[in-house]
Amino acid sequence: GPRGPLHGIPVLVKDNIASADSMQTTAGSLALAGSRPPADSQVVRLLRQAGAVILGKTNLSEWANFRSNASTSGWSGRGGLTRNPYALDRNPSGSSSGSAVAVSANLCAVALGTETDGSIVGPSAVCGIVGLKPTVGLVGRSGIIPISASQDTAGPMTRTVADTALLLGVLAGVDPDDPRTAESRGHVQTDYTQFLDPAGLKGARIGVLRNYCGYHPGVDRGLEELLLLMKEQGAELVDPLKIPTEGQFRGSEYKVLTWEFKDGLNRYLQWVQGAQIHSLEDLIAFNEANSARELPYFGQEILVESETRGPLTDKEYLEARDLCRSLAGPKGIDKLMDDNHLDALFAPSGGPAHVSDLVCGDHGLGGSSSVPAMAGYPNLNVPGGEVFGLPFGVSFFGRAWSEPVLLRIGYAFEQAAKLRRAPRFLPTADLSV
C-alpha cells in the first residue's frame with residue numbers, strides 16, 4: 001500500500017548528500033570516490049520514509065563550487081561537464097547543476113539540491129525550473145558535505161511550485177544531528193500545499209529591487225511585463241526599492257565561508273568511512289598529486305586559502321559572521337520589509353545562461369541571491385520567461401520562515417504567467433527567437 005506522500009516518486013539527489021547504500025557521495029571529487037557514509041543524511045532518510053524512489057546522484061560543480069574563483073560551473077573531476085538542456089553549449093549554473101538539468105529534462109520527477117549562495121536559485125533559473133532555498137534551519141543538514149554552517153541548506157528543485165511545496169513538507173523538520181534546526185520549532189508545516197492559492201497575489205505587497213536589473217536588456221523587458229501581470233492579479237508593488245545595507249558587506253561572506261568550510265569538511269571527513277583523504281590538507285595534496293584529472297582547467301586556490309584559516313573562535317571570523325547576519329537580516333531584508341509593510345521582495349534571479357568555457361571559466365551576468373543567503377532567509381525562484389530560447393528566473397524572497405507566504409505568491413505568479421517551456425536540447429541558442 002502507499003508508504004507516504006512521495007510513494008513511488010522518482011527522485012535524484014545531488015552528489016554531496018550522503019546515502020548509506022551502493023551509491024557514492026563524492027561532491028564530484030575523485031578524492032572521495034569509494035568512500036562510504038555510515039548513515040543516510042537526514043533528507044535522504046526522510047525521502048525513503050515518504051516512499052520516494054531514489055534513482056541516483058546528480059553531478060555538481062565540484063565541492064559545491066568552492067574550489068576556485070576561475071571555475072566552470074557544472075564541472076567536476078568525477079562527473080565531467082554538465083550541459084544546459086535548452087542549448088547544450090550553454091552553462092547550467094551551479095552548484096546544483098545536475099539536479100536542475102535532470103528536473104528540466106524530465107529525467108526525474110523532482111530533485112534535491114543544496115545552496116550556500118545561489119546554488120539552488122541560479123541553476124533553477126537558467127534551466128527553467130522552480131527552486132526553493134529554504135530558511136536555514138528548516139531542513140536538516142546532517143550527512144551533507146558542507147561549505148558553511150551559517151548558510152548551507154538543502155532544498156527542492158522541481159518543475160512546478162506545487163511540487164516544491166509537496167517536497168518541502170517531506171523535508172522540513174528538526175534534525176537531531178543539526179542543532180540549527182532547533183530554531184525551526186513552531187515554524188515547520190507538515191503540508192505546504194495548503195498555501196497554494198491561485199489568487200495569492202491579490203493584496204500582496206511586493207517590493208521591487210530595481211538595483212538587480214540591468215544584467216540583460218531582454219530580461220529587463222520581460223520583467224516589465226511581469227510587473228504589469230502582477231498588478232493585474234491584484235498585487236501592490238512598491239517600486240523601486242533597494243536593500244539598505246547593499247554594498248556594506250566588505251567581503252565578509254567570503255571570509256565566513258573559508259573559515260566554516262575548513263571546519264565543516266574536516267568534521268565530515270572524520271565521519272565518512274573508507275575515504276582516501278581525512279582532512280582539507282589531504283584534499284589539497286590529493287588534487288596536486290592527481291592534477292591531470294582534478295586540476296586540468298582551474299585550480300584550488302579557495303581550498304588553499306581555507307586551509308590557512310584558524311578555529312571558529314577567531315575574532316576575525318566571529319566579526320565577519322555577525323556582520324553578515326546583521327546587515328543581511330535585521331538591518332537589511334527585515335528593515336526594508338518592515339518599513340514598507342511588505343509580504344515579499346522581487347528581483348530577477350540573474351541573466352540567461354552563458355556559454356560554458358573551460359578555458360576562461362564562468363562569465364555570468366550576476367544575480368540576486370547573496371543577501372538572502374547571508375541572512376539565512378528563504379528564496380524562491382520561478383520561471384520568468386526566455387531570451388533567445390534561454391530561460392531566466394525571478395526570485396521572491398523575504399523574512400525567515402516565510403515559506404508559506406512565498407509559496408502562495410509564487411504559485412499565483414506561476415499560474416498567471418505560465419512561462420515554463422520544455423527544453424529542446426538544441427546544440428546552441430536559437431538566435432532567431
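Partner of S306 under the side chain to side chain contact (heavy atoms under 4.5 Å, CB included) criterion, out of Q300, E301, K262: K262 alone. No option in L336, V208, N340, L345 other than N340 meets the side chain to side chain contact (heavy atoms under 4.5 Å, CB included) test with V238. Between R67 and the options V304, L295, I302, a side chain to side chain contact (heavy atoms under 4.5 Å, CB included) holds for only L295.
Here D15 contributes atom CG and S76 contributes atom OG; the two are 7.5 Å apart, rounded to the nearest 0.5 Å. Atoms CD1 and CE, from I243 and M337 in turn, are 10.0 Å apart once rounded to the nearest 0.5 Å. Separation of atoms CG (D343) and CD1 (I206) is listed at 7.5 Å; rounding is to 0.5 Å. Once rounded to the nearest 0.5 Å, the distance linking CG of D117 with OG of S369 reads 4.0 Å. For the atom pair CG (L226) and CD (E224), the distance works out to 9.0 Å, reported to the nearest 0.5 Å. Here the CG atom belonging to D177 is positioned 5.0 Å from the OG atom belonging to S142, to the nearest 0.5 angstrom.
For the pair E305 (side chain) and T258 (backbone), a donor-acceptor distance under 3.5 Å is absent. Checked by atom type and distance alone, the side chain of E294 never pairs as donor or acceptor with a backbone atom of N287 at under 3.5 Å. Counting only distance, with no hydrogens or angles, the side chain of S326 and the backbone of D322 share no donor-acceptor pair below 3.5 Å. The backbone N or O of G332 sits nowhere less than 3.5 Å from a side-chain atom of K335 that would complete a donor-acceptor pair. S95 contributes no side-chain N or O that, together with a main-chain N or O of S61, makes up a donor-acceptor pair within less than 3.5 Å. The backbone N or O of L280 lies less than 3.5 Å from a partner atom in the side chain of N266, making a donor-acceptor pair. A side-chain donor-acceptor contact under 3.5 Å links S148 to the backbone of S150. In this structure, R90 contributes its side chain and A353 its backbone to a donor-acceptor pair below 3.5 Å. T153 contributes no side-chain N or O that, together with a main-chain N or O of V136, makes up a donor-acceptor pair within less than 3.5 Å.
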Applying side-chain contact (heavy atoms from CB on, under 4.5 Å), run through Y377 and S402 and close with a yes or a no. CA-CA 8 Å; Y377 290 1; S402 65; over 6 Å; no

I would like to know whether T181 and D175 meet side chain to side chain donor-acceptor pair (under 3.5 Å); could you show each step before the answer? CA-CA 6 Å; T181 60; D175 177 353; 5.6 Å; no

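Between R309 and E281 there is no salt bridge, since no side-chain N of the basic residue sits under 4.0 Å from a carboxylate O of the acidic one. Taking the charged nitrogens against the carboxylate oxygens, R180 and E183 do have a contact shorter than 4.0 Å, which makes a salt bridge. Remark: K231 does not engage D239 in a salt bridge, criterion side-chain N to carboxylate O under 4.0 Å.
Remark: the S119 side chain and the K14 side chain contain no N/O donor-acceptor pair separated by less than 3.5 Å. For the 3.5 Å distance criterion, the side chains of D362 and S73 qualify, holding a donor opposite an acceptor. D152 and T116 share a side-chain donor-acceptor pair at under 3.5 Å. Using a 3.5 Å distance cut-off with no hydrogens or angles, the side chains of Q151 and E253 do pair a donor with an acceptor. A donor atom on one side chain and an acceptor atom on the other are not found under 3.5 Å apart for E414 and T160. Side-chain contact of T72 with N91: a donor-acceptor pair under 3.5 Å is absent, judged by distance alone.
Remark: H354 pairs with H363 by the ring pair (Phe, Tyr, Trp, His ring centres under 6.0 Å) rule, at least two apart or across chains.
When all heavy atoms of P156 and L167 are compared, the pair lying nearest together is CB-CD2, 3.6 Å. Contact record, L390 with A87: CD2-CB, 3.9 Å, taken as the closest heavy-atom pair. Residue P372 comes nearest to N379 through the heavy atom pair CG-ND2, 3.7 Å, listed as atom of the first residue, atom of the second, then distance. When every heavy atom of V43 is checked against every heavy atom of G140, the shortest pair comes out as CG1-O, 3.6 Å. Minimum interatomic distance between A375 and I333 (heavy atoms only, all atoms of both residues): CB-CD1, 4.4 Å. For S41 against I17, the heavy-atom pair with the smallest separation is OG-CG2, 3.2 Å.
You'll find the side chain of W63 reaches within 4.5 Å of the side chain of S29, heavy atoms only. Residues D89 and S356 form no side-chain contact, since every pair of their non-hydrogen atoms from C-beta on lies 4.5 Å or further apart. Within the 4.5 Å cutoff, the side chain of Y192 has no heavy atoms near those of the L132 side chain. Taking the side chain as every heavy atom from C-beta outward, R420 and I129 approach each other to under 4.5 Å. Side chains of L209 and E246 form no contact here, defined as non-hydrogen atoms less than 4.5 Å apart. Looking only at side-chain heavy atoms (C-beta outward), H187 and E403 stay at 4.5 Å or farther from each other. Using a 4.5 Å heavy-atom threshold, the side chains of T25 and K57 count as touching.
Applying the 6.0 Å contact sphere to CZ of R48 captures more than 12 heavy atoms from other residues, nucleotides or ligands. Within a 6.0 Å radius of CZ in R267, no more than 12 heavy atoms belonging to other residues, nucleotides or ligands are found. A 6.0 Å sphere centred on CD of Q248 holds more than 12 heavy atoms belonging to other residues, nucleotides or ligands.
Between W75 and Y297, the ring planes lie perpendicular to each other; the angle is over 60°, past the 30° to 60° tilted range.
Annotation: ring-ring contact (aromatic ring centres under 6.0 Å, His included) contacts involving residues 411-433, sequence neighbours excluded, comprise F396-F413.
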For residues 97-111, run the donor-acceptor check on the side chains, cut-off 3.5 Å, and write out each pair with its distance to 0.1 Å, sequence neighbours left out.
unit_1 : atom_1 : unit_2 : atom_2 : d
S97    : OG     : G74    : N      : 3.4
S97    : OG     : S93    : O      : 2.5
S99    : OG     : T58    : OG1    : 2.9
S99    : OG     : L112   : O      : 2.8
S104   : OG     : C127   : O      : 2.8
N106   : OD1    : R159   : NE     : 3.2
N106   : OD1    : R159   : NH1    : 3.1

